[in-house]
Amino acid sequence: MNAPLPAEMLKQHLIDPEICIRCNTCEETCPVDAITHDGRNYVVDPAICNRCMACVPPCPTGSIDNWRLMLREQAYSLEDQFGWDELPLEKPSPAADMPAAAEPREPQGAAASETQAPVFAAPGSVVPPWSAAHPYVNLYAPKAPVTATVVGNFRVTDTEMGSDVHHIVLDFGKQFFPVLEGQSLGILPPGTDAQGRAHFARQYSIASPRDGERPGYNNLSLTVKRVTEDYEGKPFNGVCSNYLCDLAKGDTVQVIGPFGSSFLMPNHARANLLMICTGTGSAPMRAMTEHCRRRIGQDENGKLMLFFGARTERELPYFGPLMKLPKDFIDINLALSREPDQPKRYVQDAIVERAADVAALLADEDTYIYVCGLKGMEAGVLQALSEVAGPQWDALHAKLREQGRLHLETY
Ligand code: NAP
């Protein structure tokens with residue numbers, strides 16, 4: 001089945017635009033930069049992709065795992081792929097005796113045999129901690145979403161400050177929507193884009209633990225920042241964040257997912273959690289912290305250490321409840337970047353300041369690290385961890401990655 005293809009044949013790698021939630025994971029993971037995107041679709045360049053499979057395990061939806069056997073000269077171009085709202089139907093196989101199209105597990109074909117597939121080394125783990133509970137994923141797809149009802153929507157940052165972050169509670173009634181801390185879901189905003197196409201789903205991390213925002217209820221929470229400007233600071237209204245932040249109690253929303261099978265917490269007693277986040281990247285940290293808080297007194301929690309970056313104290317989501325957590329339960333370190341009369345501080349600065357305690361956690365085989373938030377923090381946090389760990393960082397980094405102990409989710 002895995003015999004090399006003739007040079008004129010191609011097993012083309014495609015992304016299903018109907019299922020893709022545009023989370024950017026594939027583009028970030030691709031070691032040869034074959035994946036790119038426009039305002040709508042993520043696409044794979046057939047001239048670059050070598051079918052190394054690096055992008056497949058991290059994809060939360062499975063939309064990445066589509067392959068078409070075809071003549072190389074008939075490969076779908078990037079322009080073709082940018083125009084799709086759904087994958088085109090499979091064409092009849094160009095040669096009846098060619099290998100079946102459903103087994104792209106090994107690099108194949110002329111491109112792959114000419115150049116060896118690169119060794120894949122994403123900075124974070126693509127496997128969960130060994131003891132993580134089993135996650136349910138992809139129970140609801142865009143064509144058959146589940147309807148949830150808004151039972152709470154309130155602001156968790158100071159009303160006088162620029163960052164408008166909402167805590168939104170969704171109830172699923174009697175419908176099955178099981179989640180674990182660290183998983184995410186997709187929201188389908190109503191309406192259409194400028195081309196008249198239905199909006200695609202937006203992904204949000206779940207901010208509540210597995211037993212719900214309110215234990216005993218079939219509900220969960222999200223942390224959503226109202227987007228009012230783009231990355232360059234120009235006015236831009238985020239389609240889904242504004243829709244969600246404006247929802248009222250009793251409104252309904254269309255939900256897909258759940259997603260994610262590696263950014264999960266260990267499920268065995270006394271594992272340590274080192275959590276590093278910025279802004280709304282705090283959502284999964286809130287879920288994990290709350291899971292642990294609910295079992296205080298049961299001798300199950302290890303050490304919890306949190307590094308949380310925000311512009312100011314008043315723009316830090318959940319500041320009040322966070323500060324009320326017992327000091328012997330969680331070691332909280334804030335890094336504020338725009339607090340008047342204070343030097344600018346990022347989470348990576350705080351990590352280095354607490355080097356001795358972070359080093360002790362890194363030296364413990366039972367420590368699991370989670371990083372979530374702005375894309376820009378990733379390099380800085382890894383650099384800070386390497387400074388703290390010293391010369392052994394490269395070996396430790398590889399071990400953490402392999403053992404599902406270093407999880408990065410940055411956007
Ligand atoms: P933000 O308020 O813009 O920034 C939070 C803090 O991070 C600020 O103090 C900011 O400092 C600082 N920062 C900026 N660049 C940094 C860098 N290179 N290294 C370390 N810190 C840096 O954050 P936000 O708007 O809430 O955005 C959080 C991110 O998390 C978004 O990209 C979002 O997509 C992502 N996310 C959200 C969820 C969710 O469920 N809501 C889940 C996962 C990820 P300055 O701006 O003052 O420089």
Side-chain angles (χ1 to χ4, degrees), residues 21-25 28 58 60 124 153 155-158 161-170 179 181-187 201-208 213 220-233 236 238-245 255 257-260 262-263 275-288 306-319 333-340 342-353 370-385 407-411:
I21 50 172
R22 283 81 178 167
C23 65
N24 205 48
T25 308
E28 270 173 37
N153 183 354
R155 187 169 167 147
V156 287
T157 46
D158 193 299
M161 306 304 284
S163 302
D164 183 6
V165 179
H166 283 237
H167 181 72
I168 298 171
V169 186
L170 301 179
V179 297
E181 304 78 14
Q183 283 195 289
S184 58
L185 52 65
I187 299 285
R202 283 4 185 233
Q203 186 189 14
Y204 295 92
S205 295
I206 291 155
S208 49
E213 174 65 17
L220 55 77
S221 62
L222 307 175
T223 312
V224 181
K225 181 172 177 178
R226 188 188 291 279
V227 175
T228 53
E229 54 185 40
D230 65 12
Y231 283 108
E232 286 157 6
F236 169 83
V239 170
C240 199
S241 68
N242 282 281
Y243 161 65
L244 286 172
C245 289
V255 181
F259 303 122
S262 64
F263 195 109
M275 299 175 279
I276 304 158
C277 62
T278 51
T280 54
S282 56
M285 314 310 179
R286 180 183 183 272
M288 292 185 192
L306 172 70
F307 291 91
F308 195 158
R311 296 174 184 183
T312 64
E313 222 171 77
R314 294 159 77 191
E315 287 169 283
L316 189 134
Y318 309 110
F319 178 73
N333 300 267
L334 304 184
L336 305 172
S337 58
R338 303 189 199 182
E339 199 64 74
Q342 282 183 25
K344 189 178 183 87
R345 253 170 113 244
Y346 279 170
V347 280
Q348 48 269 43
D349 303 317
I351 290 170
V352 172
E353 278 165 29
Y370 300 86
V371 181
C372 188
L374 295 166
K375 178 76 200 142
M377 74 189 281
E378 199 174 294
V381 166
L382 290 172
Q383 175 61 30
L385 292 177
H407 295 275
L408 307 166
E409 195 163 287
T410 57
Y411 301 5

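One-based numbering, in listed order, for ligands and for the atoms of each.
- Side chains of His166 and Leu244 form no contact here, defined as non-hydrogen atoms less than 4.5 Å apart.
- Glu315 places none of its side-chain heavy atoms less than 4.5 Å from the side chain of Arg338.
- Annotation: ligand 1 has protein neighbours Tyr204, Ser205, Thr223, Lys225, Thr278, Gly279, Thr280, Gly281, Ala283, Gly309, Ala310, Arg311, Ser337, Arg338, Lys344, Tyr346, Gln348, Cys372, Gly373, Leu374, Gly376, Met377, Tyr411, each with a heavy atom less than 4.0 angstrom from the ligand.
- Using the six-membered ring where Trp is involved, His407 and Tyr370 have ring planes that are parallel, under 30° apart on the 30 and 60° scheme.
- In this structure the side chain of Cys372 reaches within 4.5 angstrom of the side chain of Phe263, judged on heavy atoms.
- Salt-bridge annotation for Arg345 and Glu353: present, with a side-chain N of the basic residue lying under 4.0 Å from a carboxylate O of the acidic one.
- Asn24 is not listed as a side-chain neighbour of Lys375, based on a closest heavy-atom distance of 4.5 Å or more.
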